[in-house]
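Note that these values count all heavy atoms, side chains included, but never hydrogens, waters or copies made by symmetry.
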Amino acid sequence: MNEILSRYCPKIEFDSYDDFYMNYRCNVPDDFNFAYDVVDEWAKIQPDKKALVWTDDSEEVKIFTFADMKRLSDKAANALAALGVKKGDVVMLILKQRPEVWVMMCALEKTGAVCIPGTYQLTPKDLEYRCNIAGVKFLITIDEGELLDNIASVRKNCKKLEKVAVIGNAIPDGCVNMREEIEKAGDDFKRIIIKAEEPMLVYFSSGTTGMPKMVLHNHTLPLGHIVTAKYWHCTEENSVHLTQTDSGWAKFAWGKIYGQWICGAAVGVYDWEKFTSKGMLDAIQRLRPSSFCAAATVFRYLIKEDLGNYDFSFIRCTSVAGEPLSPEVYNKFRELTGLEIREGFGQSETSVMAANFKWLPVKPGSMGKPAPLFSLKLLDENGDVCDEGIIGNMSITSAGKNMYETGQEEQDALVPVIGMSETPGVFRGYWKDREITGNSWKNGTYQTGDMAWKDDDGYLWFVGRNDDVIKCSGYRIGPFEVESALMEHPSVLECAVTAVPDAMRGQVVKATIVLARGFSASGELIRELQNHVKRVTAPYKYPRIVEFVSELPKTISGKIQRNVIRKKDSD
């Protein structure tokens, strides 16, 4: 039996989804700290157990054990302390997928500092906004020229930023050489008192509508991701799990550290310079993961390659999250590889809330059934539970209280937030934004803003963000169902469906489409696509307006910004 996992889950194996949903429990010790209680414990129990299997485009492969991770994170924690980082300080990491990401995240947890992961794609405006609103004291980055230039250009405008540290070979003047500081530090860090309720991690939301919000998690988040890793990713002890994502996104917490290490699996890492399908497939051959998770966009590109040239026999489970996967992509990937893609749903604010868990037959296009502990329900505008087939707001009705409901006030520094949630994996509120927190989370219920409906078998089907749902002539049309229909046509590489104001109908459906190679825009193709949608789904859902573009507007995390398209159409 897994010695770590069994400490937190009294029952690990389940006979069915119903058994899992009704009987899964997770114990959260008052002083739980992932770095001490998981990473260091594995190093004590099985020091040679693999923790990280890393590769890059040079095809080099590096392996780190849990003993390595304990030693390096202890040294990094001592280095941070020597540089003035203390409990409650806010530290930003922009490290792509260098091995130091895992070292620094564990080190920050050991010191009690708060980690803000950032993507290497942040612009100067993004950097300045994040540093100032979060009060970042210390920033640790890689030595890439454009990123260093961006940081240097706004450093003087970041009011609380005291130090910038660089990991790499090119260390600019005025910056700390972080590898040198770690190397010379001691390799034994004495545990300090940190409560599970204290802040650990802040993710900036991807900002598909308005400025990004700060999503605050405490030290219970890793335990919430046991369900993510064990029962959806199907991660097994002493296997390799690969989730493809940059370290700046919440998907990293989902698939590249917490649940996987609690389960005793090694995290597979492909640290690419620029994503290509071939690079991804070659890395999979080197890493040989038994479970693989990626965004829908990755799968859309993979099925365009000759997958018959690659070995997938070592993969037992594939999964997708971040955006819905169209049935067409699911069916094509299964045809080419024999593997089912199990979709899951969640947010930066949560661990996995619903998924095609391993006991469930997959319904392509569905996000599966609710995860245990969350009491996930679909609520209408009045807060009442929706009947089957009726679109509602996906809501967690046992989320406890947010930081503002428990009397926490705005302060210059993050403070311990106690008693806010009964469920590990649920965020603690939007830091420094009482109004938005109150609008989405009140009286123990968090409304996600994502709309879905439930079928007769209890499966959930994603419709879209509440702002994305189209209301045409009295009908409510979800953009995803129209996009899924369009994606079945061979001419469509990517598409976004939005509402356009209409005097007669209120709104009409518009499709903005990126064409696949070999297809050209024409009136004939527009009519063909419209008729295709009428055949595949209800005729009233077809796009009355079709626009062909070279690319879709996206956030830096790759999510389509339908609000940008709507704004352009309304101007």
Fill in: CZ-OG distance between Phe480 and Ser326, expressed to the nearest 0.5 angstrom
6.5 Å

Item to complete: Assess Lys96 against Tyr120: is NZ or CZ under 6.0 Å from the centre of the six-membered ring, and within 45 degrees of the ring's axis?
Response: yes

Response to the item:
So CD1 of Ile262 and CG of Leu223: to nearest 0.5 Å the spacing works out to 5.0 Å

Item to complete: Please find out if less than 6.0 Å separates the ring center of Phe299 from that of Tyr330.
Response: no

Discussion item. Between Lys11 and Asp19, does any side-chain N to carboxylate O distance fall below 4.0 Å?
Written reply: yes

Fill in: Interatomic spacing from CD1 in Ile194 to CG in Asp30 - rounded to 0.5 Å
14.0 Å

Discussion item. Surrounding CG of Asp387 (heavy atoms of other residues, nucleotides or ligands, distance under 6.0 Å), is the total greater than 12?
Written reply: no

Fill in: Salt-bridge contact Glu41-Arg7 (side-chain N to carboxylate O under 4.0 Å)
yes

Fill in: Phe252 and Trp102 aromatic centres sub-6.0 Å
yes

Discussion item. How long is the straight-line distance from CH2 of Trp441 back to CD of Glu349, given to the nearest 0.5 Å?
Written reply: 10.0 Å

Practice prompt. May I ask you to check whether Tyr430 and Phe427 place their ring centres under 6.0 Å from each other?
Written response: yes

Worksheet item: Strictly under 6.0 Å, is that where the ring centroids of Phe32 and Tyr8 end up?
Response: yes

Worksheet item: Are side-chain N/O atoms of His233 and Ser291 paired as donor and acceptor at under 3.5 Å?
Response: no

Worksheet entry | Row check, Phe357 ring normal vs Arg342 NZ/CZ: under 6.0 Å, within 45° | no

Fill in: Approximate separation, where rounding is to 0.5 Å, of Ile116 CD1 and Leu93 CG
9.5 Å

Worksheet item: Atom CG in Leu216, atom CG in Leu221: separation rounded to 0.5 Å?
Response: 10.5 Å

Worksheet item: In terms of heavy-atom contacts, does NZ of Lys87 have more than 12 from other residues, nucleotides or ligands at under 6.0 Å?
Response: yes

Practice prompt. Using the six-membered ring wherever Trp is involved, compare the ring planes of Tyr231 and Phe14 and label them parallel, tilted or perpendicular (cut-offs 30° and 60°).
Written response: perpendicular

Worksheet item: Does the Thr337 side chain pair with the main chain of Phe333, one donor and one acceptor, at a distance under 3.5 Å?
Response: yes

Practice prompt. Spell out, as yes or no, whether a donor-acceptor pair under 3.5 Å connects the side chain of Asn23 to the backbone of Phe20.
Written response: no

Fill in: side chain to side chain contact (heavy atoms under 4.5 Å, CB included) between Leu80 and Leu108, worked out
CA-CA 8 Å; Leu80 288 168; Leu108 291 171; 3.6 Å; yes

Worksheet item: Do the rings of Trp42 and Phe66 sit parallel, tilted or perpendicular, given the 30° and 60° boundaries?
Response: tilted

Discussion item. Just by distance, no angles: are the side chains of Arg434 and Thr437 close enough, under 3.5 Å, to form a donor-acceptor pair?
Written reply: no

Item to complete: Ignoring hydrogens and angles, state whether a donor on the side chain of Thr220 or Asn218 is under 3.5 Å from an acceptor on the partner side chain.
Response: yes

Worksheet item: In terms of side-chain geometry, is the basic nitrogen of Lys363 or Asp457 positioned less than 4.0 Å from the acidic oxygen of its partner?
Response: yes

